[in-house]
Amino acid sequence: MLDLKTIREHPQDVERALESRGGVESIQRLLVLDADRRRRVTAVEALKAERNKATEEIAQAKRRGENPTDEMARMRKLGDEIKEEDQKIAEVERAMETVLLHLPNLPHPSVPVGGPDDNQEVRRWGTPRSFSFEPKPHWEVGERLGILDFERAAKLAKSRFVVLWGAGARLERALTQFMLDLHTREHGYREVWVPHLVNAETMANTGQLPKFEEQLFKTLEPEGERAFYLIPTAEVPLTCLHGGEILKEHELPKRYVAFTPCYRREAGAAGQDTRGMIRQHQFDKVELVKLATPRTSYDELESMVKNAEEVLKRLELPYRIVLLATGDMGFAAAKTYDLEVWLPGQGKHREISSCSNCEAFQARRAGIRYRPAAPGKAEFVHTLNGSGLAVGRTLIAILENFQEADGSVTIPPALRPYMDGIDRILPASV
RNA sequence: GGAGGGGUGGCCGAGCGGUUGAAGGCGCCGGUCUUGAAAACCGGAAUCCCGCAAGGGAUCGGGGGUUCGAAUCCCUCCCCCUCCGCCA
């Protein structure tokens with residue numbers, strides 16, 4: 001959520017910033033509502049001041065043993081007027097809230113303006129391996145090994161699900177463990193285990209609701225009970241852990257890492273990545289979240305990207321870093337770097353991590369503040385999140401980058417301790 | 001699921017129709033004392049909204065009601081705790 005004061009004081013700047021993100025047309029409407037609200041508030045507060053004064057006088061009269069029935073009757077009428085006007089104000093405020101909840105975050109000045117074509121490659125690491133044969137896409141590699149099974153997953157659920165068998169399932173677990181160990185032991189993140197079902201308020205706090213409900217799986221609860229949402233990323237529960245709290249500056253930055261499955265409807269993605277396990281309704285992810293002061297949040301973003309990169313480096317997977325343009329960023333982000341891993345089976349880079357600084361956008365919704373060390377009022381923290389990494393896509397990258405001519409797949413050395421020391425996956429005998 | 005108890009400021013906790021924006025404690029900030037620190041003592045400080053300001057308004061889990069007036073009474077929802085039952 002954007003800060004209303006900023007919109008009121010610099011409407012042109014906000015409109016310009018939103019040009020490539022949508023929502024410009026809402027600003028004028030917001031300003032009209034805001035002016036209306038302020039006019040009404042001023043008026044009704046004058047009435048309340050009068051009531052408070054009269055109430056005090058009545059109290060004193062009563063103490064003197066009098067019974068000021070005329071004054072009490074007058075106040076009864078005034079009270080009704082106040083109630084009516086308060087309701088109108090509440091109505092205006094609800095309208096403003098609705099508009100604000102649908103406005104995306106403002107991009108940081110360093111973000112290129114435009115759409116996906118304006119994304120900027122920041123750096124590359126690693127050299128894509130040259131194959132003596134035509135590298136296959138991961139689904140072919142995996143099915144030949146008997147570790148990826150899309151048909152049975154479709155039988156159990158539907159398309160965009162997968163079953164991992166044997167060494168495939170083991171590889172998924174090994175990757176998860178490897179990533180968690182790296183981030184907790186070497187990068188200073190605290191491991192957290194969180195609910196996978198959250199309430200609507202939590203979803204709204206990180207920006208998934210109200211605008212993107214069609215992307216979420218929702219539980220069906222008995223009449224009168226509130227539904228839960230399946231998390232599309234651990235960013236949601238991790239970021240909201242300190243919702244409504246005031247943290248101390250010396251506690252910041254908070255660095256959290258959690259492993260969770262992620263559930264996404266992928267509405268609107270029909271026809272995209274239908275083969276393989278690039279785009280699934282359920283996938284595992286190791287997620288990094290930080291809460292930081294505004295002063296350090298952009299340094300924290302850079303180090304978060306490095307933390308995610310380190311996973312790819314140790315797994316010897318070539319990648320590149322891309323700074324997303326304004327129009328390609330997520331709703332809550334002010335600045336986002338994507339990590340794209342090289343997939344030889346597809347002959348292109350694909351997103352495997354996305355690291356964002358959301359500044360105060362989510363903190364304002366969730367009410368996450370901190371008290372500065374120097375005397376002063378509590379301020380909103382900045383929230384950051386990034387994948388460290390998407391586990392399924394990492395598995396894909398290994399299958400494609402480490403496939404051999406005989407159909408086997410080499411295990412990257414860094415992962416072998418997590419795979420009982422085996423150095424390759426051979427076709428299973430079922 | 002059944003029966004009780006409870007949600008108050010950064011935290012703990014008193015208040016249970018008007019003098020309570022709210023006692024007390026802890027923590028925090030400033031000062032006295034001290035070589036320095038601690039302790040002790042003195043003083044200070046809630047948040048948000050409207051307003052150029054003076055000032056005003058709102059806020060005691062959320063919403064609604066009673067009343068001239070509600071942290072205090074009533075209704076409702078949410079959450080937490082204890083005991084019983086059931087259960088991975």
Side-chain angles (χ1 to χ4, degrees), chain A residues 1-9 30-97 100-101 193-205 209 219 221-229 237 240-252 254 291 293 360 363-381:
Chain A
M1 189 148 63
L2 300 181
D3 178 31
L4 184 61
K5 246 187 231 150
T6 308
I7 296 174
R8 185 152 72 211
E9 286 163 17
L30 210 46
L31 291 175
V32 170
L33 288 169
D34 182 46
D36 186 36
R37 187 190 86 95
R38 289 199 285 168
R39 190 174 49 76
R40 289 178 185 279
V41 164
T42 306
V44 77
E45 282 185 357
L47 298 183
K48 286 181 181 175
E50 189 185 341
R51 178 179 65 183
N52 289 345
K53 203 169 133 226
T55 287
E56 182 54 35
E57 283 163 6
I58 290 169
Q60 282 175 16
K62 289 238 175 184
R63 254 175 258 134
R64 271 183 261 121
E66 299 165 14
N67 190 19
T69 48
D70 287 358
E71 188 67 351
M72 281 160 64
R74 195 168 73 84
M75 283 307 110
R76 200 181 342 249
K77 259 167 67 189
L78 186 64
D80 290 343
E81 253 179 83
I82 288 172
K83 190 183 288 180
E84 216 173 288
E85 192 53 30
D86 269 344
Q87 279 167 0
K88 279 185 195 152
I89 290 169
E91 213 172 285
V92 174
E93 285 177 345
R94 272 195 300 277
M96 293 173 72
E97 176 93 346
L100 279 170
L101 284 174
W193 190 90
V194 291
H196 304 350
L197 292 170
V198 300
N199 58 38
E201 189 191 348
T202 301
M203 279 296 180
N205 287 346
L209 290 177
T219 67
E221 295 300 307
E223 184 64 32
E225 291 187 34
R226 299 195 306 176
F228 295 103
Y229 293 86
C240 295
L241 279 171
H242 295 290
E245 296 180 21
I246 299 180
L247 306 166
K248 299 195 173 92
E249 179 164 7
H250 67 78
E251 296 178 273
L252 300 176
K254 297 261 189 203
L291 307 183
T293 66
R364 201 171 285 120
R365 292 187 179 206
I368 314 168
R369 293 176 293 170
Y370 76 100
R371 200 173 292 287
K377 334 179 155 191
E379 290 176 41
F380 291 114
V381 302

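Below, read A as the first sequence line, B as the second, and so on, with proteins coming before strands; counting in each chain starts at 1.
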Taking the side chain as C-beta and beyond, is there a heavy-atom pair between A:Met75 and A:Ile58 under 4.5 Å?
yes

Out of B:rC68, B:rC49, B:rG57, minimum distance to the side chain of A:Arg76 belongs to B:rC68

Atom CZ of A:Arg63 and atom P of B:rG69: how far apart are they, to the nearest Å?
16 Å

Nearest-Å distance for atom pair CG/P, residues A:Asp86 and B:rG57
13 Å

Using a cut-off of 4.0 Å on non-hydrogen atoms, how would the nucleic acid contact of A:Ile58 be classed: base, sugar-phosphate, or nothing?
base

Any strand counts, and the cut-off is 3.5 Å on both contacts for Watson-Crick or G-U wobble. Which nucleotide pairs with B:rC73?
B:rG65

In whole Å, what separates the P atom of B:rC42 from that of B:rG15?
26 Å

Whole-Å distance between B:rC50 C1' and A:Glu93 CD?
11 Å

Under 4.0 angstrom, heavy atoms only, what part of the nucleic acid is A:Arg74 near: base, sugar-phosphate, or nothing?
nothing

Write down the partner of B:rG43 under the Watson-Crick or G-U wobble criteria, each distance required to be under 3.5 Å.
B:rC29

Between A:Arg39 and A:Asp36, is any pair of side-chain heavy atoms under 4.5 Å apart?
yes

Does A:Ala54 reach a base, just sugar-phosphate, or nothing at all? Heavy atoms under 4.0 Å.
nothing

Using the closest heavy atom to pick a nucleotide of RNA chain B for each, name whichever of A:Glu50 or A:Arg369 lands nearer the 5' end.
A:Arg369

Of A:Arg371 and A:Ala73, the one whose nearest nucleotide on RNA chain B sits closer to the 5' end is A:Arg371

Looking at A:Lys48, does any N or O in its side chain come under 4.0 Å of the phosphate oxygens OP1/OP2 on B:rC49?
no

Integer angstrom distance from the P of B:rA71 to that of B:rU32:
41 Å

Whole Å only: how far is the CE atom of A:Met72 from the P atom of B:rG18?
15 Å

A:Arg369 side chain vs A:Ile246 backbone, donor-acceptor pair below 3.5 Å
no

Send over the distance from A:Lys248 NZ to B:rG27 P, rounded to a whole Å.
12 Å

Counting only side-chain nitrogens and oxygens, does A:Lys53 get under 4.0 Å of the OP1 or OP2 atom of B:rG56?
no

Base-pairing assignment for B:rU82 (Watson-Crick or G-U wobble, both under 3.5 Å)
B:rA3

Check this one for me: any side-chain N or O of A:Arg38 less than 4.0 Å away from OP1 or OP2 of B:rG51?
yes

Check whether any side-chain nitrogen or oxygen of A:Asn52 sits under 4.0 Å from OP1 or OP2 of B:rG69, and answer yes or no.
no

Taking only the side-chain nitrogens and oxygens of A:Arg94, find out if one of them lies under 4.0 Å from OP1 or OP2 of B:rG63.
no

Go through B:rC49, B:rG57, B:rC68 for me and flag the one nearest to the A:Lys5 side chain.
B:rC49

Distance col, row A:Glu84:CD vs A:Ile89:CD1, nearest 0.5 angstrom, shows 12.0 Å

Within the structure shown, what part of the strands sits under 4.0 Å from A:Arg8 by heavy-atom distance: base, sugar-phosphate, or nothing?
sugar-phosphate

Short side-chain donor-acceptor distance under 3.5 Å, A:Glu56 and A:Gln60
yes

Take atom CD1 of A:Ile82 and atom C1' of B:rC50, then tell me their distance rounded to the nearest Å.
15 Å

Could you verify whether a donor N or O on one side chain and an acceptor N or O on the other, from A:Thr202 and A:Asn199, lie under 3.5 Å apart?
yes

Could you state the atom-to-atom distance from CD1 of A:Ile368 to P of B:rG10 in whole Å?
16 Å

For A:Lys377, which contact category applies under a 4.0 Å heavy-atom criterion: base, sugar-phosphate, or nothing?
sugar-phosphate

